[in-house]
2 protein chains.
Amino acid sequence: MLELAILGFLYDAPLHGYELRKRITALTGHVRPVAESTLYPAIKRLEKAGFLMRATEPGAVAAPRHVLTLTDDGRSELRRRLAEPDERDITDENRWFTVLAFLRHLEDPAAQAAVLRRRLAFLQEPTSFFYDGDRPLRAEEPDDPFRRGVLTIARATSRAELGWLRDTLEALGG
Amino acid sequence: MLELAILGFLYDAPLHGYELRKRITALTGHVRPVAESTLYPAIKRLEKAGFLMRATEPGAVAAPRHVLTLTDDGRSELRRRLAEPDERDITDENRWFTVLAFLRHLEDPAAQAAVLRRRLAFLQEPTSFFYDGDRPLRAEEPDDPFRRGVLTIARATSRAELGWLRDTLEALGG
DNA sequence: CGACAATACCTCGATGCCGATGTATTGCGT
DNA sequence: ACGCAATACATCGGCATCGAGGTATTGTCG
């Protein structure tokens with residue numbers, strides 16, 4: 001998820017680590033903060049894998065910056081990760097939102113639609129959070145208000161997303 | 001999150017690891033599957049910390065089971081974790097749902113309400129996923145449909161949850 | 001009778017993430 | 001003159017998680 005965000009932001013323009021961190025924090029930081037000690041090693045991994053290059057520039061305000069630029073390999077790696085997200089990226093909302101944030105970088109509308117259809121299929125699977133034996137409980141059933149809340153919120157999210165998915169798939173010509 | 005789920009399920013009744021795994025999978029597995037190799041070490045950690053005890057029973061169907069029972073320390077540990085969730089448990093929906101799933105185990109309605117109020121405060125902070133410089137973008141603004149989707153879905157979720165939070169806080173006498 | 005799924009538990013190595021800590025510079029407030 | 005915040009990058013130990021693999025038993029299907 002973090003690596004996807006790094007590749008995604010750099011796809012638009014070269015950035016240095018500190019700026020990258022600010023953007024990632026704006027994107028997902030309110031939900032899951034990104035520690036510096038997670039970001040810098042991630043950058044190193046991507047550099048080692050040949051997905052990005054760094055160039056040292058004098059710092060505009062303070063210490064020198066390492067400006068990061070995606071390589072061609074990095075650009076195709078991003079497209080690959082967007083086109084073939086793993087199952088977790090589809091099911092976990094945090095990861096899914098990161099995929100969506102950069103899905104526009106996949107140029108082919110059919111490829112974009114294919115990714116959305118995977119999410120659609122996931123949302124259409126009948127699943128609940130709570131069960132009475134094997135029977136999934138509906139939002140009205142749990143006897144405590146907190147579990148009712150979970151189901152109520154999940155249902156509202158699901159409805160909103162299904163509506164958006166259908167509209168967007170139609171617009172993409174799917 | 002995993003440890004919270006283990007403590008939460010065992011609060012109701014002693015279970016063996018395999019059954020625990022099925023319940024946790026039903027609760028959060030569609031979003032984030034739990035590997036066995038994560039669950040069993042987690043059980044060991046909690047046992048070592050004195051939060052649960054295990055008793056070996058002949059297996060009903062196959063291999064012998066280790067039936068897990070919460071100790072008094074384990075029961076108060078669960079209540080402590082529910083009453084004082086860390087910031088991540090409040091902001092990350094996956095973790096938050098796990099807190100909600102077991103919040104009924106906190107007997108004091110005022111303590112339950114205090115936790116809900118932390119979530120309310122978080123949802124009321126103005127945050128966006130996308131920015132134009134420092135200005136947060138509204139759901140209609142992004143030029144690509146995927147980022148619009150993120151904002152649309154997040155807004156729907158937020159509205160549903162705020163409504164439920166206000167109703168529930170009122171019902172709790174807050 | 002043999003294969004296989006389900007039950008039930010476990011270990012190991014790799015990896016990614018986190019908190020704490022360190023280094024160095026610039027600029028602002030007092 | 002001094003401290004502090006912000007900029008900018010980095011390392012380190014510890015830990016949770018994962019995938020792959022292992023062990024053993026019972027029941028079911030062909």
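Chain letters run A, B, ... following the sequence lines, proteins first and then strands; every chain starts at 1.
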Kindly list each side-chain donor-acceptor pair under 3.5 angstrom involving residues 106-114 of chain A, sequence neighbours excluded, with atom names and distances?
residue : atom : partner : partner atom : Å
D108(A) : OD1  : A110(A) : N            : 3.1
Q112(A) : NE2  : L103(A) : O            : 3.3
Q112(A) : NE2  : L106(A) : O            : 2.7

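Sorted by first then second residue, the ring-ring contact (aromatic ring centres under 6.0 Å, His included) pairs that include residues 146-165 of chain B, not counting sequence neighbours, number zero. Evaluation of the side chain to side chain donor-acceptor pair (under 3.5 Å) test over residues 144-156 of chain B, restricted to residues two or more places apart or in two chains, returns E140(B)-R155(B). For residues 29-54 of chain B, the set of pairs meeting the ring-ring contact (aromatic ring centres under 6.0 Å, His included) definition, not counting sequence neighbours, comprises F129(A)-H30(B).
When rounded to the nearest whole Å, the span between CG of L39(A) and C1' of dG19(C) equals 15 Å. The distance from atom CG of L46(B) to atom C1' of dC15(D) is 14 Å, rounded to the nearest whole Å. Atom CD of E87(B) and atom P of dC18(C) are 14 Å apart (whole Å). The CD-P distance, from E57(B) to dT25(D), rounds to 19 Å in whole Å. One interatomic measurement links the two molecules: CZ of R32(B) to P of dT17(D), which rounds to 9 Å at whole-angstrom precision. dC18(C) atom C1' lies 16 Å from atom CD1 of I24(A), rounded to whole Å.
Between R65(A) and E19(A) there is no salt bridge, since none of the side-chain N atoms of the basic residue sits less than 4.0 Å from a carboxylate O of the acidic one.
Residues that satisfy the side-chain hydrogen bond (donor to acceptor under 3.5 Å, both in side chains) test with H105(A), not counting sequence neighbours, are D12(A). Among residues two or more places apart in sequence or in another chain, the ring pair (Phe, Tyr, Trp, His ring centres under 6.0 Å) test is passed with Y131(A) by none. Scored by the side-chain hydrogen bond (donor to acceptor under 3.5 Å, both in side chains) test, R45(B) finds E3(B) as partners (sequence neighbours excluded).
An angle of 30°, rounded to 10°, separates the two end axes of the helix from dC1(C)-dG30(D) to dT30(C)-dA1(D), each defined over five pairs.
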Original post:
How would nucleotides 9-17 of chain C be written as a contact map, 5' to 3', with B for base contact, S for sugar-phosphate-only contact and - for no contact, using protein heavy atoms under 4.0 Å?
Top reply: BBB----SS
